[in-house]
S.K.: 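What follows is a single structure, and I will ask about it in a moment.
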Protein chains: 2
Amino acid sequence: MNEIRVFSPATVANVNCGFDVLGFALDGLGDEMVLRKVPQKGITITRIEGADLPYEAKENVVGVAGLAMIEALDLDFGFEIEIYKNIRLGSGVGSSAASAAGIVFGINQFLEKPLTNLELTAFGMKGEAVASGNEHADNVAPCIYGGFTLITGYEPLKIVSLPVPEELYVTIIHPHITIKTKEARAILPKEVSLQNAIKQTGNLAGLIAGLYEADYELIGNSTQDFLVEPYRKNLIPDFDFYKVTALKNGGLAFGISGSGPSMFTLSKGKENAGNVELALKEALKTKNMESDSYVSPVSKHGNRILEQN
Amino acid sequence: MNEIRVFSPATVANVNCGFDVLGFALDGLGDEMVLRKVPQKGITITRIEGADLPYEAKENVVGVAGLAMIEALDLDFGFEIEIYKNIRLGSGVGSSAASAAGIVFGINQFLEKPLTNLELTAFGMKGEAVASGNEHADNVAPCIYGGFTLITGYEPLKIVSLPVPEELYVTIIHPHITIKTKEARAILPKEVSLQNAIKQTGNLAGLIAGLYEADYELIGNSTQDFLVEPYRKNLIPDFDFYKVTALKNGGLAFGISGSGPSMFTLSKGKENAGNVELALKEALKTKNMESDSYVSPVSKHGNRILEQN
C-alpha cells in the first residue's frame, strides 16, 4: 500500500453538561486527506483545498501531529499529504481536530504494529494544540473512536467509548459569525455555585445512563447546562430563540457545539432531525443570519479509509 | 394476608462524586419492620426496639411516611407497626431512610393496585424529611429500588436504576463519633471553582460508565470527589489515614457515607472487602477509635419480604 485516502469526521464537543469531557462524531460532514508514502522522512504538504492554511509542516495541524508520531516511532519513511477541508475553520465542529485525527489515523495504516486509539488520540492532541493553544481531546477523541467519547482523565489520558443509540440524529446549524475560542474561554466565570455544580453532575450522569439505556427521553431531560451555556450563549445572538425553535420542532437537546458558533440539536430519528433543520434555517432567516446546516446520525465510526492503492 | 415482616437495607448516599444524586443499597445490614393490617385507619406503632424513637406516628419517620401514603390513597384500613432498628441512628448509612422506605414498601404489599417504585420513593421522602429536615431521595431511592440509583430530577422526581457489577462489595466502617447533618451541610462552600466542577462531572460520568461496563478500574479511578470531601473530611479525625489504608489494602474507592461518620470502601470481590475491613479496624484501633464494621455485596435488591401470614 502506497497511497490512502482518509475521511475524518466533524465532531461536536462539550454536549452541554459534558463540558470539556464529552464529544461525539458526525457522519457525512468531514475532511478528506490523501497520504502518499515516500522514502524521505517527515511530512510534505503538497496540496490544500478548502481553506487557507500553511504548507509548512511545523505550522500546520496535520504536520505537527504527523511529525510527532513519525518522530516518536522513529519511522524511516515519510509522507506527502493532500488536504481537502470541508469543515469550515472556526465553525465549532472540530475542524482542526479532523486534521489532527486524520493524519495520525492515516499514518497508522502504514505501520506494521498499529497504535491503539488511545495512543493515536495523544498524538492527535499535539496537532490540536497548534490550532487551539492547548492539548485537549474533546474533538480528537470522538474523531478517532467514533460515537460518544468521555475523557475521564489526562494524566494519564483515559477515554471511555460510550454506546450510541441507533436512532440518535444530530442537526448542525452554523451561523456565519465568528467566535474566538479565547473569547469563549474568557467569558466563563472562575467560580460557580456548588448547587449548580451538583445539578450538572447529575445531568451528565443522566445523559451517560441515557446513552447506555437508549432512553431518548432521559437523554433529552439530562442535557441542560447550568455552568457554561448561561455565559456562552451571549456570544450567539438570538440563541434562546433558536433553542426554543429546535426543541419545539422535535429536538431532544440543543446547545452550542464546542465553543460555537455552530449549534447542535439531538433528535430521535432522521425525520425529527430534518424538521429541526428546516425550522432552524427559517428561524435564522428571520434574523437575517446566513447559515449552513447539516443532518447526520451520530456516527459510530470515526476516521475511515475511503480508498487505498 | 394480614401480617408481613419487611427487611429494609442500609444505604450509602453520595458515593463521593455522586454527591446528592447517587446512592446504593447494602445487604446484610438493615432494619426489620412488622406491619399488621387492622380495621382502624392510620398507623399505630406498638413496639420499637434498637433505638429510642417516638411512638407518636406523626413524630416518627415510619408514621409520617405511612400516613402520607394512607391518606393519599384514602385507604379504609390501617396498620399496627413493630420497628426493629439495626441501623444505628446518625451513623450515615440511611437509618431514617430505611424506616421511611420500609413502611411504604410494606403498605404497598397490601394494596390491590401496588404503586411503582417511583411513587413509593416520593412517599418515603415525606418520612425522610422528618429526620433530616428536607425531602430528599438519596437514601430512600436505593432502599426501595436496590442497586445503584441516580436521581436526575426532583420536579418531577426522576430516578434511574443503574446496573450493579457482580463482584462489587462494600466495606462500611462506623467510627463512634457524632456528625450532625446540619453541620455537615454548613461546612460546604457556596461556591466552587469551575475547574473542579468540571472534573467532578467527568468523574461521575466515568463512574456511571464503569457501572454499565463492570469496569472496576474505571470505577476506582472515577470516584475522586473534588467538591465535598475536601471539606467534610475535616469532620472525621484521621480520615486521610483511613483512606490510604483502605486503598492500600485492596479498596477501589473510599469515601464518606452520606454525611458520615460512616465511611465506605468499594472493592472487587469479597476477599478484598474483607481485607479492607481488617485493615481499617486495625487502623481505627491505633487511633483509639471505637467502631463497627460490615462487609456486604452492593445489593441488587432493596426492601424485601421476610415473612407473611
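Chain A is the first sequence line, chain B the second, and so forth, proteins listed ahead of strands; every chain is numbered from 1.
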S.K.: Side chains of A/L204 and B/L204: closer than 4.5 Å at any heavy-atom pair?
M.R.: no
S.K.: Pick one of side chain, backbone, both or neither for B/V21, based on which atoms fall under 4.5 Å of a heavy atom in chain A.
M.R.: side chain
S.K.: Out of B/A209, B/G210, B/G206, which one racks up the most heavy-atom pairs below 4.5 Å with chain A?
M.R.: B/A209
S.K.: Do you know which two heavy atoms are closest between B/P189 and A/L194, and how far apart they sit?
M.R.: O-CD2, 3.5 Å
S.K.: So which of B/L211, B/L22, B/L207, B/L218 has the biggest tally of heavy-atom pairs under 4.5 Å with chain A?
M.R.: B/L218
S.K.: Which value, rounded to the nearest 0.5 Å, describes the distance between B/L150 atom CG and A/I208 atom CD1?
M.R.: 10.5 Å
S.K.: So which of B/A197, B/A205, B/C17 has the largest heavy-atom pair count under 4.5 angstrom toward chain A?
M.R.: B/A205
S.K.: Among pairs that include at least one residue of residues 179-198 of chain A, which meet ring pair (Phe, Tyr, Trp, His ring centres under 6.0 Å), considering only residues two or more places apart or in two chains?
M.R.: none
S.K.: Under 3.5 Å, which donor-acceptor pairs link chain B and chain A? Put them in a table for me, please.
M.R.:
from: B/K190; atom 1: O; to: A/L194; atom 2: N; distance (Å): 2.8
from: B/V192; atom 1: N; to: A/V192; atom 2: O; distance (Å): 2.7
from: B/V192; atom 1: O; to: A/V192; atom 2: N; distance (Å): 2.8
from: B/L194; atom 1: N; to: A/K190; atom 2: O; distance (Å): 2.8
from: B/Y212; atom 1: OH; to: A/E213; atom 2: OE2; distance (Å): 2.5
from: B/E213; atom 1: OE2; to: A/Y212; atom 2: OH; distance (Å): 2.5

